[in-house]
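Here is the structure we will look at.
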Number of protein chains: 2
Amino acid sequence: MNRMPVADRRQQLVGAALTVARTHGIDAATVRAVATQAGVSLGVVHYCFEDKSELLRALAQKVPGDASAQVIDALPDDATIVDALTLAVETLWRSMRENRDARILSHELTVAGLRDDDLTDIVQTQYAHSRATGELFLTRIADVSQVEWTVPLGPLCRSMIAVVDGYSLAWLVDGDDEAARGGLHGYARYLAGLTRPV
Amino acid sequence: MNRMPVADRRQQLVGAALTVARTHGIDAATVRAVATQAGVSLGVVHYCFEDKSELLRALAQKVPGDASAQVIDALPDDATIVDALTLAVETLWRSMRENRDARILSHELTVAGLRDDDLTDIVQTQYAHSRATGELFLTRIADVSQVEWTVPLGPLCRSMIAVVDGYSLAWLVDGDDEAARGGLHGYARYLAGLTRPV
DNA sequence: GTCTATAGTTGGATAGAC
DNA sequence: GTCTATCCAACTATAGAC
């Protein structure tokens with residue numbers, strides 16, 4: 001009934017797919033479920049996407065793999081490195097708690113990409129993007145605190161992503177808020193120890 | 001054709017399910033695929049298990065969530081903490097590289113447990129078991145090196161599992177051997193710094 | 001206890017009316 | 001461009017022969 005350009009329709013469908021996947025898991029994001037969620041008929045989805053794989057790939061590119069961007073936005077203009085890191089952890093932690101479903105979806109997608117060749121490239125690209133954003137965060141937080149890192153940024157950023165992912169997964173499994181939050185703060189203390197005033 | 005007690009048959013089917021899931025992913029472990037892999041007819045599986053969920057739960061309990069046990073076995077009788085940790089990382093790293101499929105399956109199961117209520121309990125139990133084994137490892141390695149930990153064991157063990165899981169996931173995604181191995185060794189150095197002679 | 005046959009569902013994909 | 005109708009494949013599950 002509601003005609004619209006294919007490009008717009010695709011956006012709408014990807015949004016619907018995201019809603020379904022976030023709420024009920026990536027396996028629930030079937031062509032049928034997405035069509036229903038978007039309020040269009042089954043044929044419309046097949047008209048806008050070659051096949052389910054293309055829909056999933058479009059979905060994958062819209063799933064935010066990390067919360068680094070939000071954390072960067074919340075950085076103070078001027079603070080000690082300890083205070084800045086503490087704030088960053090609290091921002092990250094709030095984002096995790098408020099978006100549990102999105103976190104799960106992100107892990108689901110990552111794991112799906114390990115077997116599904118159609119998703120592998122996208123997941124790898126997302127991961128590379130995470131690292132770029134992570135390095136940006138580390139650079140920025142050093143700037144506002146007027147410190148510099150005493151170790152190479154690349155490996156440091158990798159460790160940060162590994163730690164955040166690891167605690168995220170553990171928290172999703174056991175739901176122990178204080179353990180997760182405490183663990184992240186512990187890593188922040190470790191990070192603070194790897195800086196020197198500049 | 002080959003009659004056998006239900007208990008044995010169940011074991012055989014779970015083994016077949018493990019093979020299928022490890023090779024082609026948990027989603028590929030359908031009742032049919034398992035029956036084919038085991039060389040029995042479809043009905044046999046339904047005869048031995050209430051439904052697919054019960055089969056999956058039996059499978060989940062057989063998936064080794066961590067390699068801690070192997071690492072503990074490979075501990076030396078006597079060594080400096082740095083040497084012992086380095087050896088432990090190398091053992092873990094070899095185990096990861098040689099069992100990529102099993103690692104992926106472990107992550108698949110963990111993620112599946114986040115949505116599937118039938119699997120949640122089992123995944124949580126496995127995770128608790130991982131922590132117990134992890135704490136055992138930390139205790140043992142301190143013993144053989146004649147050191148003690150300067151921080152509480154519980155949170156320390158949590159950080160270890162988070163770091164190993166995080167690096168494992170990153171390595172599965174991007175396949176960067178040296179980055180993963182280096183990152184684990186970096187964490188081992190961090191651990192060594194949290195001990196004092198006893 | 002084990003097999004074949006089949007019911008009943010779900011989901012991807014397409015054809016054809018409008 | 002959009003919708004309905006339909007096909008086909010894969011899956012879980014069960015009934016009933018042997």
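Throughout, a chain's letter reflects where its sequence line sits, starting with A, and its residues are numbered from 1. Because the structure is predicted, anything quoted here is derived from the model rather than measured. The figures that follow rest on heavy atoms only: side chains count, while hydrogens, waters and symmetry mates do not.
- One can place CG of B:Leu13 at 10 Å from P of C:dT2, the figure rounded to the nearest angstrom.
- Put simply, the side chain of A:Gln126 gets close to the backbone of A:Ala60: a donor and an acceptor are under 3.5 Å apart.
- Side-chain atoms of A:Tyr187 come within 3.5 Å of backbone N or O of A:Met160 as a donor-acceptor pair.
- Summarising the geometry, the separation between CZ on A:Arg32 and P on D:dA10 is reported as 16 Å, rounded to the nearest angstrom.
- Residue B:Lys52 places its side chain closer to D:dA13 than to any other of C:dG12, D:dA13, D:dC3.
- Between the CZ atom of A:Arg3 and the P atom of D:dG1 there is a distance of 8 Å, given to the nearest Å.
- Of the residues near DNA chain C, B:Val6 and B:Ser41, the one whose nearest nucleotide (by heavy atom distance) lies more toward the 5' end is B:Val6.
- Residue-level contact check: B:Thr30 touches the backbone only, with heavy atoms under 4.0 Å from sugar-phosphate atoms and none from bases.
- Distance A:Met4 CE to D:dG1 C1': 12 Å, rounded to the nearest Å.
- Distance B:Leu42 CG to D:dA10 C1': 11 Å, rounded to the nearest Å.
- Put simply, OH on B:Tyr47 is 6 Å from C1' on C:dG1, counting in whole angstrom units.
- Summarising the geometry, the separation between CG on A:Leu56 and P on C:dG12 is reported as 9 Å, rounded to the nearest angstrom.
- A distance-only check finds no donor-acceptor pair linking the side chain of A:Arg196 to the backbone of A:Thr150 [under 3.5 Å].
- Side-chain N/O atoms of A:Arg9 include one lying less than 4.0 angstrom from OP1 or OP2 on D:dT2.
- Taking for each of B:Cys48 and A:Gly43 the nucleotide of DNA chain C with the nearest heavy atom, the 5'-most of the two is the partner of B:Cys48.
- Checking A:Pro5 against B:Ala29, the closest nucleotide of DNA chain D that is more toward the 5' end is the one next to A:Pro5.
- If you take CG of A:Asp8 and P of D:dT2, they are 11 Å apart, rounded to a whole angstrom.
- Here C:dG12 is the nucleotide among D:dT2, C:dG12, C:dT2 with the atom lying nearest to any side-chain atom of A:His46.
- Remark: the backbone N or O of B:Ser95 is paired with a side-chain donor or acceptor of B:Asn99 at under 3.5 angstrom.
- At a cut-off of 3.5 Å, with distance as the only test, a side-chain donor of A:Ser68 or A:Asp66 sits close to an acceptor on the other residue.
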